[in-house]
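First the structure, in the form of structure tokens, and then the observations on it.
As the structure is a computational prediction, the values presented were derived from the model and not from experiment.
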2 protein chains.
Amino acid sequence: MSVSFAQIVAEKPMTFTAECPTRAVLDHVMSRWGVLVLSALADGELRWGALRRIVPGISEKMLASTLRTLVEDGLVERTALPTVPPHVSYELTDLGRDLMERMLPLLGWVVEHASGIMSGRPR
Amino acid sequence: MSVSFAQIVAEKPMTFTAECPTRAVLDHVMSRWGVLVLSALADGELRWGALRRIVPGISEKMLASTLRTLVEDGLVERTALPTVPPHVSYELTDLGRDLMERMLPLLGWVVEHASGIMSGRPR
DNA sequence: CTGTATCCAATTCGATACTG
DNA sequence: CAGTATCGAATTGGATACAG
């Protein structure tokens, strides 16, 4: 698939407008916490508490709402064991893993180039 | 480079914390308008007015600040011809093109799967 | 342990008007 | 044409407390 932005927008003029599904998915998937949560899960299943610790600086509120969105999107699966105390874990679905195949190279690029890009700049 | 999130964070614990360059670059590059502006420029040089028209729904304010950030990051180059009226164009730098090689597959994935993900949902 | 509810601060963002 | 300035509305996000 050739991916030309102009071509996409020319053929389907509503693509990436505020009402378009593409915009919604883009917002979910490319959001700060969305990226980090998905990336954390790319290594395998994780429990709520583990996610909370691993994703740097995420609040409970944001973790909850990010996970809810990603589960609704079918990118993450939630598994709850009916024990006391509760045991809940999250893992990528097939769709989520497919997405992360495209996302991880991008993340790798950012890690490689971030210092260079930001060096010698205030905040 | 193997890109494991847990591995990255384990080796460099400050990676993706709020103060880390990776977080800043991630925010620039994965932001709603950042993605769309970069994608539009992936097809080639564009003038201010063209970008304004092509990127769906972007305001002048957001276009200005997004472009300023991307130019500062060295991902986009601004070329101003000293004519009256002014003629200013923007294009990806080599670094920006390198980034887009990783970004476009992701964008393509979103376009392909967005409808399926959002189908039958309110909003 | 895994969340939800609430409140409040900070930030983002769009609309509009204006300038070189 | 290519922006900047300003303002208010809306959203985001964090801290805290609490519930199942």
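Residue B:Arg78 places at least one side-chain N or O closer than 4.0 Å to OP1 or OP2 of D:dG3. Taking 4.0 angstrom as the limit, B:Arg52 places none of its side-chain polar atoms (N or O) nearer than this to OP1 or OP2 of D:dA2. Between B:Trp48 and the phosphate of D:dT4, there is no side-chain N or O to OP1/OP2 separation shorter than 4.0 Å. Side-chain nitrogen and oxygen atoms of B:Arg47 include none within less than 4.0 Å of the OP1 or OP2 phosphate oxygen of D:dC1.
In this structure, A:Tyr90 atom OH and C:dT2 atom P are separated by 9 Å, rounded to whole Å. Spacing between atom CG of A:Asp27 and atom P of D:dT11 amounts to 13 Å, rounded to whole angstrom units. For B:Met62 and D:dT6, the CE to C1' distance is 13 Å, given to the nearest whole Å. Between the CD atom of B:Glu60 and the C1' atom of D:dC1 there is a distance of 11 Å, given to the nearest Å. Summarising the geometry, the separation between CG on A:Leu46 and P on C:dC1 is reported as 15 Å, rounded to the nearest angstrom. In this entry the distance linking CZ of B:Arg68 with C1' of D:dG3 reads 9 Å, nearest Å. Between A:Lys61 atom NZ and D:dA15 atom C1' the separation is 10 Å, expressed in whole Å. To the nearest angstrom, C1' of C:dT12 lies 12 Å from CZ of A:Arg32.
A pairwise comparison of heavy atoms in B:Leu92 and B:Ala42 identifies CD1-CA, 3.7 Å as the closest pair.
To the nearest 0.5 angstrom, A:Glu112 atom CD is 11.0 Å from A:Leu107 atom CG. With values rounded to the nearest 0.5 angstrom, B:Met103 atom CE is found 12.5 Å from B:Glu101 atom CD. Atom-to-atom distance recorded for A:Leu26:CG and B:Ser39:OG is 8.0 Å, nearest 0.5 angstrom.
Of the two residues contacting DNA chain D, namely A:Pro86 and A:Ile58, the nearest-nucleotide position lying further toward the 5' end is that of A:Ile58.
You'll find the side chain of B:Met118 reaches within 4.5 Å of the side chain of A:His28, heavy atoms only.
Closest to the side chain of B:Ala64, out of D:dG14, D:dT4, C:dG14, is D:dT4.
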